[in-house]
Amino acid sequence: MMNSMKKKIAVLPGDGIGPEVTAQGLKALRAVAEVYGHEFDYTEALVGAVAIDATGDPFPAETEEACRTADAILFGAIGHPKYDDDPAARVRPEQGLLAMRKKLGLFANVRPVTSYEALLPISPLKEEIIRNADFVVFRELTGGIYFGQPRGRSEDGARAFDTCNYSKDEIIRVSRLAFNAAASRKKRITLVDKANVLATSRLWRETVQELAKDYPEIELDFMFVDNAAMKIIQNPRYFDVVLTENMFGDIITDEASVISGSLGMLPSASIGAERSLFEPIHGSYPQAAGRNIANPFGAVLSAAMLLEYSFGLVEESRVISNAVMQVVDSGFVTEDINPTSPKTTEEVGDKVAATIHELSSVKS
Ligand code: IPM
Ligand code: MN
């Protein structure tokens, strides 16, 4: 077949429902590889609580190596209740995620938010408000208060501090991606910040305003994060591309997931200069682990983003997202969406893979 590709993918299933949903993402990738004649080579590695159990380190050197030698990374989830319940735990699974982002230089987190016609009724928001909502959040991922120094406790332990800092360069590299995305969308960027209070936010505004001169066709507006939090659920159709710093992006994307109907629907891409990582935005959902009930669409759509962002396989990526759309529309879904007659995680994954085959045979 023409243009067939040979690529290496590091697979990091992680904790909780991570392995189950990642397996469904892999089914979609295998289906696409088969249909289009690509060759994807998968290397599995440990991250999170499972990595702590095995090696004492939530992001072990071997895993880092597997990531560095791969063309792209597919990641599941991280986190385990035994650490959440123990504030004194010295190593935490989440440190693995943050170390992975920092060490691999994954500076931009891209989180698309779309509404699905079939899921409108399960959102607590009114249908007429969320119908046709379609925006994408560009969240800075390796700076801000998540990583700023100094951080810690005072000597007597009675005071704690975190530091938020940003450099112009950190702001520019994620902002460029956002402007480029806006250029192929509705051409509007909203910078979400807290410039009425924070010095870092004022640097963001200044820097993004300056950068906007390179993109005269893009309309740029500014919104304080408290106001944006309200606007996202009041009038989500207002947004096209949302650009924001690390912690604001963390918060507003969980909020925005309500528009899709389920946190389990949302994929994300964490873009690095050399390679990128793809993961559903949901966490490890320990209560559901091993029960074959978790929603795999976020993981499957993350695999679709991987094909587009890392390999430039736009058509293959569309086939996966169209398959998801069709499977969702037909009501073939897990219990978070349909509690009365749910399908299992695996059944949904198989259905998506079968639909990928169907859609591609219709095409050719
Ligand atoms: C996310 C998660 C992480 C974050 C946690 C697990 C550290 O909530 O990817 O959004 O805050 O970035
Ligand atoms: Mn989060």
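Note that this is a predicted model, so its numbers are computed, not measured. Order of listing sets the numbers, starting from 1, for every ligand and every atom in it.
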### Stepwise side-chain hydrogen bond (donor to acceptor under 3.5 Å, both in side chains) check, Ser262 with Asp336
CA-CA 7 Å; Ser262 170; Asp336 51 315; 2.7 Å; yes

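Glu39 has no carboxylate O lying under 4.0 Å from a charged side-chain N of Lys7, or vice versa, which leaves the two without a salt bridge.
Protein residues lining ligand 1, listed by chain and number: Glu94, Leu97, Arg101, Arg111, Arg139, Tyr146, Asp250 [non-hydrogen atoms, distance under 4.0 Å].
If you look at Asp250 and ask which of its N, O or S atoms sits nearest the Mn ion (ligand 2), the answer is OD1.
Annotation for Pro342 and Pro339: closest pair CD-O, 3.7 Å, computed over non-hydrogen atoms.
At distances below 3.5 Å, at least one donor-acceptor pair connects side-chain atoms of Asn246 with backbone N or O atoms of Gly143.
Ring planes of Phe179 and Tyr215: parallel class, angle under 30° (limits at 30 and 60°).
The ring pair (Phe, Tyr, Trp, His ring centres under 6.0 Å) pairs that include a residue from residues 258-315 are Phe40-Phe311, where partners are two or more places apart or lie in different chains.
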